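These notes concern the structure reproduced below.
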Protein chains: 2
Amino acid sequence: MFLGNNDVIEDIDETGGLDDPAPAREACTVLEALNRISGKWAIGILLNLSHGPVRFTELERSVPGISRRMLTLTLRNLERDGLIERTVYATVPPKVEYRGTEMAAELYASLKGLTAWAERHRDAIALSRDSYDREQLAAGTGEL
Amino acid sequence: MFLGNNDVIEDIDETGGLDDPAPAREACTVLEALNRISGKWAIGILLNLSHGPVRFTELERSVPGISRRMLTLTLRNLERDGLIERTVYATVPPKVEYRGTEMAAELYASLKGLTAWAERHRDAIALSRDSYDREQLAAGTGEL
DNA sequence: CAGGATCCAGTAGGATACTG
DNA sequence: CAGTATCCTACTGGATCCTG
């Protein structure tokens, strides 16, 4: 969940490890995956790169709302993780192209499962939230 | 990515919508999914609840490193989204059980795709990071 | 036991001016 | 064009103390 430095999570099953069942280790692995695509923009960028090479400014436009800083930061981190490749053309004006790697393409495939899940349950979740919020509201006004 | 209030992302394809291709909307859907399981602890908790009902203090123990505050907050949000159910037993001392819903179980299945991806590429990613960091380091010392 | 309330630190992320 | 540098805010998450 960090954009900064920091290496993979090591402190999760360092504590226990004796009778700790599977969950902790499993969670760790999933988190490793999630940490690369977390952040507000990584997925939006990755998706845009799935169609072929894209230039910096194109990304800036096609990922609505992103700031220059976050675009740069996110691109750098994705590159560091080997999910995208950066190609600089020594022209004037400069031209830089980004494209997703094979790894990113595979990730994209996995993401479809999540997308499907989100679509299946989007309404149910919205309803759950509404009723939860209403209950909280009711409880609050009642107590005061 | 927020634990607090805030409703689903609406500002992502509000800007464009004219010639904006698929990516923005797709990203939005995926983000909706990710936003429910983001945060440092949600997945760890969900995984622990996949085996059956668990009590608060049990979770506190089986999710190593979590603080009381975050356990409570994360549980509340998962409950709000309908991913877990909370049952209070009016006993002394009080007893509260949490268990994952069917929705959560389905999510768990989708997560396996991500886990598999992470495991497949974990080494490649580590290598990519190492070489990236070395390059940056080399460039840095060279320029100064 | 199961939290709620409060205080505090670190980080993600936004805005924008500057540069090779 | 493709960034970098700087400043600033908001939110995540930790620690701790208090309560029904």
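All of these numbers come straight from a predicted model, not from anything done at the bench. Within every chain, numbering begins at 1; the chains are lettered A, B, ... in the order of the sequence lines, protein sequences first and strands thereafter.
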Checklist line | Test side-chain hydrogen bond (donor to acceptor under 3.5 Å, both in side chains) applied to B:Tyr98 and B:Arg86, B:Arg55, B:Glu58, the passing residue | finding: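 Among the candidates, only B:Arg86 passes.
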
What is the minimum heavy-atom distance between [X] and [Y], and which atoms define it?
X	Y	value
B:Ile84	B:Leu75	CD1-O, 3.3 Å
A:Ile37	A:Ala42	O-CB, 3.8 Å
B:Asp81	A:Ile125	O-CG1, 3.6 Å
A:Gly82	A:Thr101	O-OG1, 2.9 Å
A:Arg36	A:Leu83	CB-CD1, 4.2 Å

Solution key, residues 109-118 of chain A side-chain donor-acceptor pairs under 3.5 Å, sequence neighbours excluded:
from     : atom 1 : to       : atom 2 : distance (Å)
A:Ser110 : OG     : B:Gly113 : O      : 3.4
A:Thr115 : OG1    : A:Leu111 : O      : 2.9
A:Trp117 : NE1    : B:Met103 : O      : 3.0

Notebook entry, point to check: Is the side chain of A:Ser131 donor-acceptor paired with the backbone N or O of A:Ser128 at a distance under 3.5 Å, no angle test?
Noted result: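 At least one qualifying donor-acceptor pair exists.
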
Item checked: Inter-axis angle, terminal five-pair segments of the helix from C:dC1-D:dG20 to C:dG20-D:dC1 [nearest 10°] -> 50°

Tell me: [atom1] of [X] to [atom2] of [N], nearest whole Å?
X	N	atom1	atom2	value
A:Asn35	C:dT11	CG	C1'	14 Å
A:Glu60	C:dG14	CD	C1'	13 Å
B:Leu71	D:dG13	CG	C1'	13 Å
A:Lys40	C:dA15	NZ	C1'	13 Å
B:Ile84	C:dA2	CD1	P	14 Å

Note to self: Please encode protein proximity along nucleotides 2-8 of chain D as a string of B, S and -, counting only heavy-atom distances under 4.0 Å.
What the structure shows: BBB-B--

